[in-house]
Each structure stands twice: as structure tokens, then as C-alpha cells.
There are 2 protein chains.
Amino acid sequence: MDPLALDRQLCFALYSASRAMTSTYRDLLDDLGITYPQYVVMLALWEHCPSGNSSQDNRAAPNHDPGTRSTGLSVKELGSRLQLDSGTLSPLLTRLEGLGFVTRRRSTADSRSVFVDLTSRGAAARSDADCIPRDLAERTKIDTDEMSDLLDALQSLTRNLRETPTTHHTMHHR
Amino acid sequence: MDPLALDRQLCFALYSASRAMTSTYRDLLDDLGITYPQYVVMLALWEHCPSGNSSQDNRAAPNHDPGTRSTGLSVKELGSRLQLDSGTLSPLLTRLEGLGFVTRRRSTADSRSVFVDLTSRGAAARSDADCIPRDLAERTKIDTDEMSDLLDALQSLTRNLRETPTTHHTMHHR
DNA sequence: AAAATTTCAGTTGTGCACAATTTAATTGTG
DNA sequence: CACAATTAAATTGTGCACAACTGAAATTTT
């Protein structure tokens with residue numbers, strides 16, 4: 001048994017599965033007109049927003065009260081939920097803004113941070129996404145229980161991998 | 001239960017795990033001086049090559065016999081093993097060639113195809129990689145059985161996702 | 001309060017992924 | 001044989017990821 005055999009590497013199985021998944025989402029997100037990473041940002045915003053919140057288009061929302069915080073998420077908060085840095089998020093958000101799904105606005109309370117809010121169009125897109133989990137589950141052809149196990153295993157794996165800080169040299173090394 | 005909740009999305013769990021894995025490999029591959037995708041290409045080449053094959057440096061290997069095929073893999077074969085196209089592989093192989101790990105040579109039998117061979121340095125790097133599976137297994141903190149289950153689940157998932165051809169519109173859709 | 005440090009978003013540069021196109025070579029068909 | 005269709009690799013263009021850096025603003029320390 002070759003320990004370096006390609007099809008026994010967890011890394012390669014993950015890498016392949018992740019690319020296959022993204023490819024499937026490319027298809028599922030075609031109608032919505034966004035990429036998979038953009039969709040993940042939308043998921044975070046949809047989850048955060050008090051749902052019935054299609055009141056503002058954010059183009060003419062004065063809001064001079066310095067204490068009032070946006071209903072959206074700051075770039076930092078988005079980054080911590082998705083484990084993405086501003087180097088990835090900034091250009092991605094520029095594109096989502098260009099598509100009219102979100103707006104960006106510097107915080108009045110702390111002008112270092114920038115809040116990302118859904119536009120009414122961005123909030124409305126949520127209903128277009130409702131069918132996606134079902135459509136995907138169909139394609140995976142795995143039942144709910146097995147799916148749930150896999151989800152847990154992946155989350156545990158991610159936690160364990162992130163836990164060990166970078167810069168290796170794990171003692172032994174012979 | 002929100003069907004769009006971020007932490008119940010298989011796609012997001014996969015995406016997160018895959019990025020965490022790549023990040024871990026960035027650390028593990030630091031000594032070798034290659035990226036994770038480059039490592040995967042090396043895995044494919046190491047697996048394919050008849051192992052004890054440090055005979056040639058491929059710089060002065062005449063080999064005019066049109067029937068003799070390289071000991072390496074063509075770009076097409078690499079692509080089919082890794083599910084990557086030439087748009088990804090071409091520049092990656094250029095970099096691996098620049099690092100002195102592989103050589104590229106047009107086939108004499110069919111000059112459309114290009115064979116990728118390990119240099120002696122590339123073949124030797126294999127021994128530096130031997131410790132990687134063990135180091136990684138340590139970081140995942142999951143036992144061999146669970147790891148094997150996860151591997152199988154991921155391979156099955158990948159197969160199922162690739163199976164359904166692109167361009168969606170799965171009947172119902174209401 | 002002034003200076004040093006930290007925080008946040010954005011920018012720059014590198015390396016994937018992947019769609020679409022290009023170029024060259026081979027194969028299939030009349 | 002000619003010529004259309006196919007195949008292989010490379011190139012071009014877009015969009016992530018991520019490291020490293022920049023600049024502005026807030027916080028901490030002195």
C-alpha cells in the first residue's frame with residue numbers, strides 16, 4: 001500500500017469533491033447570475049438579516065444617527081463567518097455591488113469598518129435560492145442521514161485542521 | 001429550520017474543509033517548495049512512474065524511436081486523473097518545470113501530445129514527501145477508520161455530482 | 001495629550017480553476 | 001488524395017484565495 005497513492009489521499013478526495021460541488025453550483029446559480037463564492041456571501045447576509053427587511057434600497061437612507069448600526073454585516077464580520085479576508089471579499093463585494101445585490105457604506109460610528117447591506121433586489125433573490133438545497137440534495141444522491149454525518153465529519157475536520165497553528169515542525173520528524 | 005442556513009450547507013462545509021486542508025498543506029509543503037495543486041500533480045507522477053526510475057535527467061535523452069513512449073504521463077492523462085484541463089495544467093507544469101521537478105517533451109509518435117516526466121530531482125522529492133500523510137493524519141485528529149469512511153463518502157459524492165451532466169432544469173421546478 | 005500599537009478595508013502580486021478561443025496535428029470520409 | 005471533423009496543448013480572460021503591504025482611523029501606552 002503506497003501511502004502516497006492518489007486515491008487514498010483525504011486531501012485529494014476533498015479537493016475533488018469541492019471542485020465538483022462548485023461546478024454543480026455553477027449550474028444551479030446560473031439563473032441567479034452569481035458565482036459560488038458570491039452565493040456564500042449572500043447566504044451569510046440572508047441568514048443575518050431580519051428577513052422581512054425589504055424596506056430600504058439604501059440609496060436614499062440618510063441615517064445620520066451615529067449610534068444606529070446597519071442591519072447588515074461588516075466586512076470583518078462577513079470574513080469571520082466565512083473565514084475569508086478582505087483581499088478576497090473586497091473585490092467580490094465590488095462585483096456583488098455592481099450586480100445590485102448589496103450596498104457598502106462606511107460605519108459612522110467607526111469609519112474603519114464598512115457595512116454590507118442587502119438591497120431589495122438582493123433580499124428578493126433569496127426566494128430564487130429556496131429551491132437550491134433541494135435540487136442539490138437530489139444530485140448528491142445521498143440520504144439525509146448520511147448527508148448529516150458527512151456534514152458533521154467535515155465540520156469536525158475543519159475545526160481540527162484550523163486548530164493546529166501554522167508553521168509545522170511537529171517535534172519528532174526523526 | 002432555515003434550509004439556507006450557512007452551517008447546514010454541505011457545500012459550505014466542503015468549501016471550508018477544502019480550504020483548511022489546502023492551508024495545512026501550504027505548511028506541510030513548505031520544505032518541498034511547491035503549492036498544493038503542484039503536489040497533486042507530483043503525486044500522480046510518482047504513482048505512475050516505475051519508482052526506481054532515477055536514470056534520466058531527460059536533458060540528453062535522444063530516444064528517436066517513435067514507438068518508445070515516455071515513462072511519464074501526457075498532459076491529457078494527467079488531466080483525466082486529476083480532472084483538470086490544460087488551462088490549469090499548462091501554466092502549473094511550466095512552474096514545476098522551472099523548479100526542476102519535471103520536464104515536458106512533445107511525443108514523437110503524436111506531436112499533439114506532450115509527455116511530462118519526473119527529473120531525478122522530482123523523483124527524489126518523493127522521499128521528502130513520505131512523512132506528509134502521517135503528519136497530516138496527526139493534524140486531522142481522526143482515527144483511521146473514520147478517515148476511511150470520510151474518504152469513501154467524499155469519493156461517492158464526487159462521483160454522484162459529476163454523473164449528473166451540466167445544464168440543470170430538473171423537471172418539476174414547479 | 002503625544003506617540004506607539006493595533007485594527008480595518010483596500011490594493012498588489014502570485015497561483016490556481018475554468019470557460020472560450022487558438023494553433024497545430026491527426027483522423028475520418030468521400 | 002483532399003478536406004472536413006476531431007483532438008491535444010496552449011493562450012486569453014475572469015474570478016477567486018491568500019500573502020504581503022498600504023493608508024486611514026481607533027485604541028493603548030506612556
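Within every chain, numbering begins at 1; the chains are lettered A, B, ... in the order of the sequence lines, protein sequences first and strands thereafter.
Spacing between atom CG of Asp27(B) and atom C1' of dC18(D) amounts to 15 Å, rounded to whole angstrom units. Rounded to a whole Å, the CZ atom of Arg162(B) is 12 Å from the C1' atom of dA17(C). For the pair Leu99(B) CG and dG15(C) P, the interatomic distance rounds to 9 Å; values are reported in whole Å. Atom P of nucleotide dA17(D) and atom CZ of Arg19(A) are separated by 13 Å, given to the nearest angstrom. In this structure, the CG atom of Leu84(B) is 13 Å from the P atom of dA9(D), given to the nearest Å. Across the protein-nucleic acid pair, Leu29(B) atom CG and dC16(C) atom C1' stand 15 Å apart, rounded to whole Å. Atom CG in Leu78(B) sits about 14 Å away from atom P in dA17(C), given to the nearest Å. Summarising the geometry, the separation between CG on Leu92(B) and C1' on dA17(D) is reported as 15 Å, rounded to the nearest angstrom.
Annotation: cation-pi pair Arg26(A)/Tyr36(A) absent, no NZ/CZ under 6.0 Å from the ring centroid and within 45° of its normal.
Candidate nucleotides dC18(C), dC16(C), dT26(C) were compared by shortest atom distance to the side chain of Thr35(B), and dC16(C) ranks first.
Under a 4.0 Å N-O distance rule, the pair Arg81(A)/Glu47(A) does not qualify as a salt bridge.
The backbone N or O of Leu43(B) lies less than 3.5 Å from no partner atom in the side chain of His48(B), so there is not a single donor-acceptor pair. Side-chain atoms of Gln38(A) do not come within 3.5 Å of backbone N or O of Leu93(A) as any donor-acceptor pair.
Base pairing analysis places dG30(C) opposite dC1(D); the two distances defining the Watson-Crick or G-U wobble pair are each below 3.5 Å.
Not one side-chain nitrogen or oxygen of Gln38(A) sits closer than 4.0 Å to the OP1 or OP2 atom of dG15(D). Under 4.0 angstrom from either OP1 or OP2 of dA24(D) there lies no side-chain N or O belonging to Ser111(A). OP1 and OP2 of dA17(C) both lie 4.0 Å or more from every side-chain N or O belonging to Thr22(A). Within the 4.0 Å cut-off from OP1 or OP2 of dA17(D), at least one side-chain nitrogen or oxygen of Tyr15(B) is found.
Using the six-membered ring where Trp is involved, Tyr25(A) and Tyr39(A) have ring planes that are tilted, between 30° and 60° apart.
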- Item | Per-nucleotide protein contact string for nucleotides 8-14 of chain C (B base, S sugar-phosphate only, - none; heavy atom under 4.0 Å) | SBBB---
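Between Gly100(A) and Thr119(A), the shortest heavy-atom contact is O-OG1, 2.6 Å.
Between Thr94(A) and Arg104(A), the side chains place a donor N or O and an acceptor N or O closer than 3.5 Å (distance only, hydrogens not considered).
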